[in-house]
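This one's a predicted model, so the numbers in the text were calculated from it and none came from an experiment. We name chains A, B, ... by the order of the sequence lines, and we start the count at 1 in each one.
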There are 2 protein chains.
Amino acid sequence: MKDPLKLKEQYCFPLYALSREITQRYRPLLQEIDLTYPQYLVLLVLWEERLQTVNQLGEKLYLDSGTLTPLLKRLEQKGHILRQRSKQDERVVEITLTPTGEALKESAQCIPLRMMESLDMPLADFEVIKKLADKLLIK
Amino acid sequence: MKDPLKLKEQYCFPLYALSREITQRYRPLLQEIDLTYPQYLVLLVLWEERLQTVNQLGEKLYLDSGTLTPLLKRLEQKGHILRQRSKQDERVVEITLTPTGEALKESAQCIPLRMMESLDMPLADFEVIKKLADKLLIK
DNA sequence: ATTATTTAAATTGTGTACAATATAATTGCG
DNA sequence: CGCAATTATATTGTACACAATTTAAATAAT
């Protein structure tokens with residue numbers, strides 16, 4: 001190989017740039033329902049299963065409490081979720097959807113399709129990325 | 001398709017998670033030379049061509065001055081770069097490497113190989129990502 | 001030439017990310 | 001039981017990202 005420190009030789013830089021570009025593509029769609037991309041991801045999980053602990057959200061999204069706590073407080077401010085300490089284990093904070101948060105799912109229905117149209121990419125290529133991600137994220 | 005709002009059905013989430021995981025993998029390597037990943041990327045560009053304007057760095061890394069200005073000030077604090085207004089056009093800030101910043105390239109030589117070892121992935125898969133990135137990033 | 005427009009950086013404000021630490025509750029062990 | 005270790009979340013501090021605005025300099029238009 002030539003100089004491995006050239007930008008063009010970097011294998012991970014395109015991935016970093018692509019990830020940010022995709023968040024940018026989500027932005028206008030999510031703005032319509034006043035959500036950021038990470039907030040949208042949290043709601044995706046809650047729309048599947050109404051009750052989640054902070055820990056469970058963190059495991060699914062690979063985020064820690066340092067990121068989730070303030071993010072969840074913002075979703076609470078917006079009225080989409082409730083945060084309450086578990087009765088059985090006071091250490092645990094349980095996150096549940098409010099009716100407002102539940103109802104937001106309807107407004108979000110169109111987003112996956114609109115994103116796919118915006119991206120206009122072969123799904124097979126995303127499968128490659130999913131495979132790489134699964135391999136690296138399983139520790 | 002089933003419910004397109006399920007986390008498992010998301011095509012972009014693995015990319016977002018993978019990008020953060022890779023930054024995590026870089027962290028211990030870059031810590032040895034006291035750099036963050038974005039700072040490392042800026043230096044990669046400067047190691048190729050010693051003089052860059054803020055604008056040129058932004059075009060190559062897809063970052064704006066809101067991100068670059070504070071980042072470059074930190075690199076300046078560390079003694080790796082100089083930031084000085086161009087004589088020909090006072091609007092432009094020219095970024096140049098100091099001898100310290102130049103010398104850092106030696107310490108970084110091992111990083112690409114060590115990352116590849118850490119990732120242990122087929123390079124062909126990264127080519128797929130590069131192709132997706134190129135398509136989306138060319139506007 | 002004077003003014004309007006454009007351009008390059010910097011600044012401001014919001015929202016992630018994440019390491020490191022703190023706090024409080026629960027569990028495990030002698 | 002009493003205390004040490006563990007666990008779940010929150011807090012603190014640093015560093016991106018990026019939209020929106022500001023500032024200052026250069027260019028264009030009349």
When you compare the protein's N or O atoms with those of nucleotides 21-26 of chain C, which come within less than 3.5 Å of each other, and at what distance?
unit_1, atom_1, unit_2, atom_2, d
C:dT26, OP1, A:Glu90, N, 3.1

Side chain to side chain contact (heavy atoms under 4.5 Å, CB included) evaluation trace for B:Glu49 with B:Gln56: CA-CA 11 Å; B:Glu49 188 56 55; B:Gln56 289 172 329; over 6 Å; no

I'd like a table of atom pairs between the protein and nucleotides 21-23 of chain D - only N or O on both sides, under 3.5 Å - with the distance next to each one.
none

Nucleotide C:dC18, atom C1' - distance to CG of A:Leu61 in whole Å: 15 Å

Salt bridge (Lys or Arg N to Asp or Glu O under 4.0 Å) involving B:Asp64 - partner list, sequence neighbours excluded: none

For DNA chain C, the residues among residues 38-50 of chain A that have a non-hydrogen atom under 4.0 Å from it: A:Pro38, A:Gln39

A:Thr36 side-chain N/O to C:dG15 phosphate OP1/OP2 under 4.0 Å: no

Salt bridge (Lys or Arg N to Asp or Glu O under 4.0 Å) partners of A:Arg27, counting only residues at least two apart: none

Given DNA chain C, 5'-ward residue of the pair A:Lys78 and B:Gln24, judged by closest heavy atom: A:Lys78

Heavy-atom side-chain contact between A:Thr23 and A:Thr36 under 4.5 Å: no

Euclidean distance, atom CD of residue B:Glu76 to atom C1' of D:dA15 [Å, nearest integer]: 17 Å

Heavy-atom closest pair, residues A:Tyr16 and B:Ser19: CA-OG, 3.7 Å

Nearest-Å distance for atom pair CD/C1', residues A:Gln31 and C:dG15: 13 Å

Between D:dA19 (P) and A:Leu35 (CG): distance, integer Å: 17 Å

A:Val54 or B:Ser86, whichever maps to the more 5' nucleotide of DNA chain D: A:Val54

Separation of C:dT11 P from B:Asp64 CG (nearest whole Å): 14 Å

Protein-nucleotide distance (B:Leu57, atom CG; D:dC18, atom P), rounded to Å: 15 Å

B:Leu104 vs B:Leu35 side-chain heavy atoms within contact, under 4.5 Å: yes

Report, one line per pair, each donor and acceptor closer than 3.5 Å where one atom sits in a side chain of residues 108-126 of chain A; sequence neighbours left out.
unit_1, atom_1, unit_2, atom_2, d
A:Arg114, NH1, A:Glu32, OE1, 3.2
A:Arg114, NH2, A:Glu32, OE2, 3.1
A:Ser118, OG, A:Arg25, NH1, 3.4

C:dA17 phosphate, OP1 or OP2, under 4.0 Å from B:Tyr16 side-chain N/O: yes

Touch class at under 4.0 angstrom, heavy-atom based, for B:Thr53 against every strand present: sugar-phosphate

Partner residues of B:Glu48 under the side chain to side chain donor-acceptor pair (under 3.5 Å) criterion, sequence neighbours left out: none

Given A:Thr96, A:Leu97, A:Leu51, the one that forms side chain to side chain contact (heavy atoms under 4.5 Å, CB included) with A:Leu46: A:Leu97

All side-chain contact (heavy atoms from CB on, under 4.5 Å) counterparts of A:Glu90, not counting sequence neighbours: A:Arg85

Side-chain heavy-atom pair B:Leu61, A:Leu7 within 4.5 angstrom cut-off: yes

Test side chain to side chain contact (heavy atoms under 4.5 Å, CB included) applied to A:Glu21 and B:Tyr62, step by step: CA-CA 9 Å; A:Glu21 173 65 22; B:Tyr62 311 101; over 6 Å; no

B:Arg27 side-chain N/O to C:dA19 phosphate OP1/OP2 under 4.0 Å: yes

Closest to the B:Leu63 side chain, choosing from C:dA10, D:dC18, D:dA10: D:dC18

Touch class at under 4.0 angstrom, heavy-atom based, for B:Leu68 against every strand present: nothing

Phosphate OP1/OP2 of D:dA8 contacted by A:Arg85 side-chain N/O (<4.0 Å): no

Between N or O atoms, less than 3.5 Å apart, protein on one side and nucleotides 11-14 of chain D on the other: list the pairs.
unit_1, atom_1, unit_2, atom_2, d
D:dT11, OP2, A:Lys73, NZ, 2.8

Value in whole Å for how far the P atom of D:dA8 lies from CD of A:Gln52: 15 Å

Spacing between B:Phe13 atom CZ and C:dA17 atom C1', to the nearest angstrom: 14 Å

side-chain contact (heavy atoms from CB on, under 4.5 Å) against A:Glu127, all qualifying residues, sequence neighbours excluded: A:Lys130, B:Tyr11

Please tabulate, one pair per line, all N/O donor-acceptor pairs under 3.5 Å involving side-chain atoms of residues 71-80 of chain B, not counting sequence neighbours.
unit_1, atom_1, unit_2, atom_2, d
B:Glu76, OE1, B:Arg83, NH1, 3.2
B:Lys78, NZ, B:Asp34, O, 2.9
B:Lys78, NZ, B:Gln39, OE1, 2.9

Under the side chain to side chain donor-acceptor pair (under 3.5 Å) test, residues paired with B:Glu59 that sit two or more places apart: none

